[in-house]
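Below: one structure, written as structure tokens.
A, B, ... follow the sequence lines: proteins, then strands. Residue 1 opens every chain. What you see is a predicted model; the values in this text were computed from it and never measured.
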There are 4 protein chains.
Amino acid sequence: MPSQTFLNLPEEKRQRILNAAVEEFAKYSFNDVSIAGIIELAEIPRGSFYQYFSDLKDLYKYLFHTIAERKMVYLHRAMQNNPMDDFFETIKKLYVAGLQFAMDEPLLTKIASKFMKEKEDFRKEIVGSLEGSASDFYLKLLIASKEKGEIDPNVDLEMASFIFTTMNLSLIDYFLAKTQSNDLLKDKENLLNIVESMFYILTNGVKKK
Amino acid sequence: MPSQTFLNLPEEKRQRILNAAVEEFAKYSFNDVSIAGIIELAEIPRGSFYQYFSDLKDLYKYLFHTIAERKMVYLHRAMQNNPMDDFFETIKKLYVAGLQFAMDEPLLTKIASKFMKEKEDFRKEIVGSLEGSASDFYLKLLIASKEKGEIDPNVDLEMASFIFTTMNLSLIDYFLAKTQSNDLLKDKENLLNIVESMFYILTNGVKKK
Amino acid sequence: MPSQTFLNLPEEKRQRILNAAVEEFAKYSFNDVSIAGIIELAEIPRGSFYQYFSDLKDLYKYLFHTIAERKMVYLHRAMQNNPMDDFFETIKKLYVAGLQFAMDEPLLTKIASKFMKEKEDFRKEIVGSLEGSASDFYLKLLIASKEKGEIDPNVDLEMASFIFTTMNLSLIDYFLAKTQSNDLLKDKENLLNIVESMFYILTNGVKKK
Amino acid sequence: MPSQTFLNLPEEKRQRILNAAVEEFAKYSFNDVSIAGIIELAEIPRGSFYQYFSDLKDLYKYLFHTIAERKMVYLHRAMQNNPMDDFFETIKKLYVAGLQFAMDEPLLTKIASKFMKEKEDFRKEIVGSLEGSASDFYLKLLIASKEKGEIDPNVDLEMASFIFTTMNLSLIDYFLAKTQSNDLLKDKENLLNIVESMFYILTNGVKKK
DNA sequence: CATGAATGAGCTTTCATTCAT
DNA sequence: TATGAATGAAAGCTCATTCAT
């Protein structure tokens, strides 16, 4: 909740501040980011910071929710296209959308990734009401899918949703790590291949049948 | 490389220091742990710390390698039993051993888990020679297993090893998270069930056949 | 390069800080001066120091250049008067000007004198571009003077410039040392006598002719 | 005054300690030398230091007097040879002997040179009874020489002795500075030339006659 | 005597936050 | 509102000196 003052700021200045914050939060974990660092990058006076935000956490919250919103756009877009896809197709599209976001906005993704590694208390404090976790979302999809007979009845759905959640995050981390050194991953073709090979395993398992 | 002085310390005092360090490193990421915090917990004077360790990193390295060693005992024990197990059985046992360690030593496990979330540069600095990552280890097992015809030839082995690595870590994190609030997980029976349901999915996939 | 903040400080406070620094640097060699000592003398809080200077060296540099400038005023004044003086007259005036400065600003002179005794690396770091040493300056004068036939052709000019440089500094040190206990030296008459008797030797030698 | 314990030490160990001290004191001014540094170089335990010396100053004093003694050997040797030399010859030989010592024992000379740059209080404390300064020594020679009619009666003898003292020290510093980069100075021929050209000036002056 | 562990004082530096203009 | 100066708490590290064995 930045002050109205901040929201009224001329676009250019507001962006300068946000960009500075993004740069810092993409580089360091929350506790290692200093107000000093941000105001220096943003080239704003010390006092101004406190006029705009009550706190570093205040700024972080705002940033985080902005990022979440932006990512949601990608995810919604991915799901709207074809509401008749089966479970696997849906999830795959979500994965790809997530990676696409990572490709388009690596810094924001980095922040989100760092966020997932923060302490749970901190995360709860930032997110506020835990508005339906990703895991719950997958679980609902799985239940629906099971009713349609797409899912092996021996599968523990909670575990499955845990796996899909985890692998999604890991894939993004993997992508961020590789993207720095190597840019082979930067073409979308390759991205799809990776998701495909992951899904082959998650849907069929690794065991020879 | 703590000083000989530290190693010569009376058991009780040495443990007090190590326990203090464990407590702090289990609670905070490396950068958020302060020497001040540790010496206060351990009730040793400021100067003594520097007589024992050159640095916070010095202490951390020592701690980390101690933990790694201790965990290795669990893993080796798990593998020695039955060298004739197939791939799935082997991995399953490793997972269980990892969880067993987490159950016996939740704080140490927490430190190890936090370690995995540190920046790569830092990790490299601590580990020194990157002595064959977990992922490489799984890959070798998978290749051997494939040659024995246990693995679906359509499976991308690199991806599979990535998944097995990731899930192992995630499972441990999951366990640590749950273990704090809820202690239903604390009996071994339950542990095995969790691993089983995960392996069902990783071996057979979630799709109905 | 002190911060603008420092330069904007109210005269009184700025002087208090500078005076404190002068007092300390006149008393101790650079390495033995502590920020702690200065802020206590100046009665400013710890944090303020760092708002004004990045470093002790930063303050020292500023101080040193201020002193150099102030001394230059004396030296220039001494030389402007009579550009037609011969070599001996010129140098003599420089010596006297130097001593005059020492008389007017004994603390600043003390700092300059201490500076000359620091390690060469340090000196270079402070001065920056070694803008033509005193020795070079004397050498040029000597060469010009030789051409005018004022100098004994048997004299090694480099050695002569070395001697004039050295004696200048030593004279100032001598003056500083004596000035503390004894204030007979404090009248200008005496000062001139000293310089005269030194010059008699440097120009004519000690040997009976 | 090191303890008898120190003096009884096996030669090898005593030398190790003294060499370590020499190395440190040749590198840093007294205040910047740490006991820590010396015991590390000497590889002796912390406690031992205090068994041998009450203090860093204690060690320094001992070292300093050792050096002074050693240098005296050179100076006495220089003077004994030819008691019939005139003033100029005598002084010249002393200068050369000093430089010879600097050539043979650069580290010890460095320490002596650093000593001259210490605060006067400190110097007095180390030397103890100011047992006849170099300047007094030159003064006596000059007086004797004047009686023999070798000295220009217009010369202020105090000033002359000051000059001879100062130039001697400066010459040694100059030699030490040059000796590090350039070893042209290291042959004795050159050394003599330098002293000669200095003496030409000090005896005859720079003025054309 | 030799040893080396214990200790705390003292220094530098960073930073979040408050406040006055 | 914008600004940036003031401030002191807190951390890391070094070292001389004392002491117990």
Where the side chain of [X] is defined as all heavy atoms beyond and including C-beta, which of [options] is the nearest nucleotide?
| X | options | answer |
| --- | --- | --- |
| B:Ile35 | F:dG12, F:dT17, E:dA16 | F:dG12 |
| A:Tyr50 | F:dT18, E:dA2, E:dA16 | E:dA16 |
| D:Gln51 | F:dA10, E:dC1, E:dT17 | E:dC1 |
| C:Asp55 | F:dT3, E:dT13, F:dC13 | E:dT13 |
| B:Pro45 | E:dT7, E:dC1, F:dG4 | E:dT7 |
| C:Ala36 | E:dT12, E:dT7, F:dG4 | E:dT12 |

Nucleotide [N], atom [atom2] - distance to [atom1] of [X] in whole Å:
| X | N | atom1 | atom2 | answer |
| --- | --- | --- | --- | --- |
| D:Glu24 | F:dA16 | CD | P | 11 Å |
| D:Leu41 | F:dC15 | CG | P | 13 Å |
| A:Lys57 | E:dT17 | NZ | C1' | 16 Å |
| A:Ile44 | E:dA16 | CD1 | C1' | 14 Å |
| D:Asp58 | F:dT17 | CG | C1' | 15 Å |
| B:Asn31 | F:dA11 | CG | C1' | 13 Å |
| B:Glu40 | F:dA10 | CD | C1' | 12 Å |
| C:Ile39 | E:dG10 | CD1 | P | 14 Å |

query: Counting only side-chain N and O atoms of B:Tyr52, is one of them less than 4.0 Å from OP1 or OP2 of E:dA6?
result: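 Yes, B:Tyr52 has a side-chain N/O under 4.0 Å of OP1/OP2 on E:dA6.
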
query: Are any of A:Ser48's side-chain N or O atoms less than 4.0 Å away from OP1 or OP2 of F:dA2?
result: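 Answer is no, no contact under 4.0 Å.
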
- request: Any chance you could lay out the salt bridge (Lys or Arg N to Asp or Glu O under 4.0 Å) test for C:Glu105 and C:Arg70, step after step, and finish with the verdict?
  value: CA-CA 10 Å; C:Glu105 300 283 12; C:Arg70 288 231 237 160; 2.7 Å; yes

- request: Confirm from the modelled atom types if D:Arg46 and F:dT17 form a donor-acceptor pair under 3.5 Å, side chain to base only.
  value: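 In this structure, the two groups form a donor-acceptor pair.
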
- request: Specify whether D:Phe25 and D:Phe30 have parallel, tilted or perpendicular ring planes, treating 30° as the upper limit for parallel and 60° as the lower limit for perpendicular.
  value: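 D:Phe25 and D:Phe30: parallel rings.
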
- request: Hey, can you tell me if C:Phe6 and C:Tyr52 have their rings parallel, tilted or perpendicular (30° and 60° cut-offs)?
  value: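 C:Phe6 and C:Tyr52: tilted rings.
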
task: By nearest nucleotide on DNA chain E, pick out whichever of C:Gly47 and B:Pro10 is the more 5' one.
output: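 This one resolves to B:Pro10.
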
message: If you assign each of A:Gly37 and C:Gly37 to its closest nucleotide in DNA chain E, which residue comes earlier from the 5' end?
response: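 Here C:Gly37 is the residue nearer the 5' end.
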
- request: Check the pair A:Leu59 / A:Ile38 against side chain to side chain contact (heavy atoms under 4.5 Å, CB included), numbers first and verdict last.
  value: CA-CA 11 Å; A:Leu59 162 55; A:Ile38 291 175; 3.9 Å; yes

- request: Go through C:Ile39 and C:Ser48 one step at a time and tell me if the side chain to side chain contact (heavy atoms under 4.5 Å, CB included) criterion holds.
  value: CA-CA 9 Å; C:Ile39 64 177; C:Ser48 295; over 6 Å; no

message: Strictly by Watson-Crick or wobble contacts shorter than 3.5 Å, is anything paired with E:dT7, and which nucleotide is it?
response: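 With both distances under 3.5 Å, E:dT7 matches F:dA16.
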
Pair partner, F:dT21 [Watson-Crick or wobble, under 3.5 Å]: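 Its partner is E:dA2.
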
message: Run the ring pair (Phe, Tyr, Trp, His ring centres under 6.0 Å) test on A:Tyr60 and A:Phe122 for me, step by step, so that the C-alpha distance in whole Å, both residues' side-chain angles and the decisive distance to 0.1 Å come before the verdict.
response: CA-CA 11 Å; A:Tyr60 185 77; A:Phe122 176 79; 5.6 Å; yes

